[in-house]
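Since the structure comes first, as structure tokens, the remarks are kept for the end.
Atoms considered below: every heavy atom in the structure, side chains included; atoms not considered: hydrogens, waters and symmetry mates. When a ligand or atom number is given, it counts from 1 through the structure's own listing order. Treat the numbers as computed from the prediction; the structure is a model and nothing was measured.
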Amino acid sequence: MNDSAPETLDIVIIGAGFSGMYALYRLRRDYEVLCLEAGDGVGGTWYWNRYPGARVDIESAEYSYGFDNDLQQEWRWPELFAAQPDLERYANHVADRFALRDRIRLSTRVTRMRFDESSNLWHVWTDRGGHLVCRYVIAATGSLTASNTPEWPGRESFRGQVLHTTEWPREGVDFSGKRVGLVGTGSSGVQAAPIIAEQAEHLYVFQRTPAFSMPSGNRPVDPDYERDWKAHYPERRKQMLETYGASLVKYPTVSALECTKEEQERILEAAWHSRSAFQLLVCFTDVLTDMAANEVVCDFVRRKIRQIVKDPQTAHLLCPTTYPIGGKRLCIDNGYYPMFNRDNVTLVDARATPITAFCEEGLQTTGRTWPLDVIVLATGFDALTGAMTRIDIEGEGGLRLQDKWREGPTTYFGSMVAGFPNLFMIHGPMTPSAQAQMITTGEWQVDWTARIIDDMQREGLTRIQTDETAEHWWQDELSQVANATVHRHADSWYRGTNIAGKADVFMIYVGGFQRFAQLCTAAVEEGYRGFRRS
Ligand code: NA7
């Protein structure tokens, strides 16, 4: 398309991940909708993150669509925690089963958007020369989309291969006989490392900050478990939405500080062996709200690490001591700590001797040169805001989103931004995001957004926006609940502190999904409080 003949639509959805695909399904009945996707396939996070060991850390019975009962009855998850290939297969199945593909344009990245105030329409431009005009844009761009690559010099001089976990080659990578350097020990690094170690001649794990990790307890799905879920899906989906994390984990009743040492130990052991991810964070009522209670769990995990890892120096280095457990995302692993007992694995302290450059042979730290054949960057994401700020978005009066968010994101419910009418985000910054199960909560946010658009249509309105008063109110609510938790004591992508120069602002709503949903619903039902419609 060229500029003289833009394509006209009601709604443009950005992203064909799980939320974008559901938005397309939900809205295409009543509107002209097109979904633009940068990748050459659907699935979003589960399209891009195809590194070895990539696997969801929430049970798949929960982490799956609930909008169509036939779908959840028919689909079979082979494992309790689905691996990336199964999640991608599921995304493709949904695209086919609900005939979504004809409205998804793949390999099409949105590069620029501008709101035309005279017509209340968005202009959207793509990297393929496309120009679209639409009433609404729904950005389902994902929390973890824009990858973070350290800016070490000398990359072109390195003789080997450099890979990033989030841009993994579709054909896979053969590590046999290779010396591999893995940088980063967040969820991606912790999942990838044990698989790479099985193949590589030698794996060097470059750790800047040790992770807290818990064994996942992944296993093939038991037929009784599957039958039980399928018999109760509709009511369980409803129950999930009434919980803190949109997940049916066992929520605790007892404070760590009220237990005897023996009781603490019994509860912690049960959580560790529960074969249910994240149980450590909810084994006491106050793990995420009280530093002393949190330390009880930290101490337990450090003792586990020292029991599992035979070399005392490696074990010592693997023990996190500088931040509370759960303050940043707890990792869920499949053999991470035992892997350090292998002869072909070395832990490198990239805190004491930081990486300074790529060099011809491999990586250069302040201490020495590490000869490598492959460098795997598991260095995370410019999370939550990165996917949006990498698009040049111009709202009212020439206001640019990158500028507006320079000191951190401002939003109303993580959905709208003052100055950017008719633009909605799903899982935007300041939503519960990864603190709640994201497929189910994405569906909920899409339904809430669709309802707003339906109301606009029915009432003959063409412009909806929020204002700074509403944004301040949401910021206050978010800060109040965040300040009551341990999250402020950990550097992480939740706060933007993983990216050099990014504003240090807590960006996730940790007041619980249930409360988030109640507040969103009430605002709409009580006269569109915090919105202006015209
Ligand atoms: P994370 O959790 O942000 O982890 C990134 C890791 O990369 C972390 O260990 C970082 O250390 C490390 N890192 C980043 N830059 C560097 C440099 N320059 N040198 C050494 N080490 C570095 O990203 P993931 O992809 O693992 O996981 C993201 C989410 O996906 C996860 O939370 C789940 O929700 C799923 P640092 O801790 O900053 O010292």
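Take Y509 and apply the ring pair (Phe, Tyr, Trp, His ring centres under 6.0 Å) test, not counting sequence neighbours, and it matches W474. By the side-chain hydrogen bond (donor to acceptor under 3.5 Å, both in side chains) test, E295 is found to be paired with R302, residues two or more places apart in sequence or in another chain being considered. Partners of K304 according to the salt bridge (charged side-chain N to carboxylate O under 4.0 Å, His left out) rule, which considers only residues two or more places apart in sequence or in another chain, are E269.
Annotation: ligand 1 has protein neighbours L144, P150, W152, V183, G184, T185, G186, S187, S188, R208, T209, K328, R329, R351, A378, T379, G380, F381, W493, each with a heavy atom less than 4.0 angstrom from the ligand.
E477 and R515 are joined by a salt bridge, as a carboxylate oxygen and a charged side-chain nitrogen come within less than 4.0 angstrom of each other. Remark: R329 engages D57 in a salt bridge, criterion side-chain N to carboxylate O under 4.0 Å.
The neighbour count for H489 NE2, taken as heavy atoms of other residues, nucleotides or ligands under 6.0 Å away, is above 12.
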